[in-house]
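Okay, so here's the structure we're looking at.
Below, read A as the first sequence line, B as the second, and so on, with proteins coming before strands; counting in each chain starts at 1.
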Amino acid sequence: MIRFENVAMRYDGGPEILRDVSFELEPGSLTFLTGPSGAGKTTLLKLVFLSERPVRGAISMFGKDVARLRRGELPALRRQIGVVFQDFRLLDHLTAFENVALPLRIQGMPERAYREDVEEILNWVGLGERMHARPATLSGGEKQRIAIARAVVARPPVLVADEPTGSIDPEMGARLMRLFVELNKLGTTVLIATHDRSLVDNAKARELRLFAGRISQAGGSRWS
Amino acid sequence: MELNEAARPARPTPLFPRRGGGEGALFGVMAIMSFLACLTLALALGAARLAETWERGLTGQATVQILETPGIALEVQVTAALEVLNATPGIASARVMSAAESAELLKPWLGDADLSAVPVPALIAVTLDPARPLDADALRARLSAAAPGASFDDHSRWNAGLTAASSAIGWGAYAILALIALAASASVVFAARAALQAHRDVVDVLHMTGARAAFIAREVQWRFFMLGGWAGLAGLAGAAALAGAALLAADGPEAAFLPMLAPPWRDLVWLAAVPAAAAAIAMTTARLAVSGFLARTA
Ligand SMILES: Nc1ncnc2c1ncn2[C@@H]1O[C@H](COP(=O)(O)OP(=O)(O)OP(=O)(O)O)[C@@H](O)[C@H]1O
Ligand SMILES: [Mg+2]
């Protein structure tokens, strides 16, 4: 489904952040991406959700070579990938409800068509009471849960989450992890970048370790 | 907003926040442009109306003047000239003016002098047929053959000058309108780019969520449509206020000489096109600017 071959990445003019990165995510797999802060986890995820392009190597997504994508093909491809950003990236002037509804709204759906779905997922992440609050009035953990709800609301076949439990207490973290596992069981391909060892150990999933810009693999072959 | 922050907004919040895009400045610029456009358009319409008035008022009439020529009696010349005039297509009627009428016409120049002492030319008043064009040169040739002392004056020298002047004013006004539209478009381009630049974060999130450029352009273009329309109405209101004030100030008979200040209702319809044009210009230009911006940054 997603395939990296000898991928290297650098931000313009800077040092190489990733080098020689090769791995493949099978459809329906659950994979963790771990590594120390600054190892390049977020950078690797940016390549996955097509926000950055590699300087070397090949990335293919859904069987398509990313380097050969035309601009017009990007939106359709990005709609296949739900993203939880490490810094949330909520739109501050929209309510929680509207932030979560965004992926459906940009597909041209009218509000009455998605209201129930959005309210359901907001209830699931424990924010049913605060759905019309704006991000500025929410706690870090609440914002994170909004970001997660937005990433999954359109049921994309691929879910990419960058530190999705970083601002959340262990109990809520476990609950959200159950959401990811549940979606994964329903067929979603899930890739989660995290420092949280307990998350990785409990899920017994495959783990890609990033260190000094290179990948090594460990564990959980039953998921891949 | 703080009080009922948990209430659902009446309708979906626009994806681009209202504040921070420099839209107040654009509103001011667009309102001023619309104000100027209204005045210029009124000038163009007024010039067209003046030209029409002159055309109708002056070309409807012409005169033939017949001077005493040695050897031929004046009456003979008059009869010959009338015959030629009545046989000419494009002339509705021709009538010999009485001596009293001619004297009345000459009075401003000659005063109360005794006219019986000077040779007074005979005058024939000619009414032209507005439906049929007159070949003035051919008529002159035939007139001077029949009556050597006759000369035909259709006021066309006057008329041509006035018509040329008013049509020059008209074209000049339309050129100014085009320039105003161009300047308005340019300011919309800058404002649309600035708005996207200021809301870069929103654009990024929309991209990452899979929004198409056309969707983003549509979000932006309606904002500019509304902004342009309201600014256009503000400009129109300003122009109307100015026209009203001018009419009040000039309510004497001289107001009749300012047809531009008293436009008929037909022209007001055209002025109402200014806000519509402002909205359309703002919308299409914003759309183009956004598409261009996204093509360079996506
Ligand atoms: N936009 C950028 N421009 C230049 N350098 C960047 C940029 N983003 C990240 N970097 C650099 O790339 C390296 C990897 O950053 P990245 O964010 O991928 O790390 P990370 O593994 O996600 O870290 P963390 O666990 O702290 O989130 C860092 O050294 C960082 O300074
Ligand atoms: Mg990171």
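Here the straight-line distance linking atom OG1 of A:Thr43 with atom CE of A:Met9 works out to 6.0 Å at 0.5 Å rounding. Interatomic distance, CH2 of B:Trp222 versus CZ of B:Arg287, reported as 10.0 Å (0.5 Å rounding). The CH2 atom of B:Trp171 sits 14.0 Å away from atom CD1 of B:Ile176, with the distance rounded to the nearest 0.5 Å. Atom OG1 in A:Thr31 sits 10.5 Å away from atom CD in A:Glu24 (nearest 0.5 Å).
In terms of heavy-atom proximity, A:Ser167 sits nearest to A:Phe88 at OG-CZ, 3.7 Å. Across all non-hydrogen atoms, the minimal contact from B:Glu219 to B:Leu15 is OE1-N, 3.3 Å. Contact record, A:Arg206 with A:Leu208: NH2-CD2, 3.8 Å, taken as the closest heavy-atom pair.
Residues of residues 106-114 of chain A placed with any heavy atom under 4.5 Å of a heavy atom in chain B are listed by number as A:Ile106, A:Glu111. Against chain B, the residues from residues 115-126 of chain A that qualify, each with a non-hydrogen atom under 4.5 angstrom away, are A:Arg115, A:Glu119 in number order.
Listed options A:Pro156, A:Pro75, A:Ser51 were ranked by heavy-atom pairs under 4.5 angstrom with chain B; first place goes to A:Pro75. Looking only at heavy-atom pairs under 4.5 Å with chain B, the residue among A:Arg79, A:Gln80, A:Arg89, A:His93 that has the most is A:His93.
Annotation: B:Phe190, atom CZ; neighbour count of heavy atoms from other residues, nucleotides and ligands within 6.0 Å does not exceed 12. Counting heavy atoms of neighbouring residues, nucleotides and ligands inside a 6.0 Å radius, atom CZ of A:Arg155 does not exceed 12 of them.
Contacts between B:Ile216 and chain A at a heavy-atom distance below 4.5 Å are absent for every atom of the residue. In this structure, chain B has heavy atoms under 4.5 Å from both the backbone and the side chain of A:Arg105.
Side-chain atoms of A:Thr188 come within 3.5 Å of backbone atoms of A:Leu183 as a donor-acceptor pair (strictly under, hydrogens ignored).
Side-chain rings of A:Phe49 and A:Phe85 approach one another, their centers coming within less than 6.0 Å.
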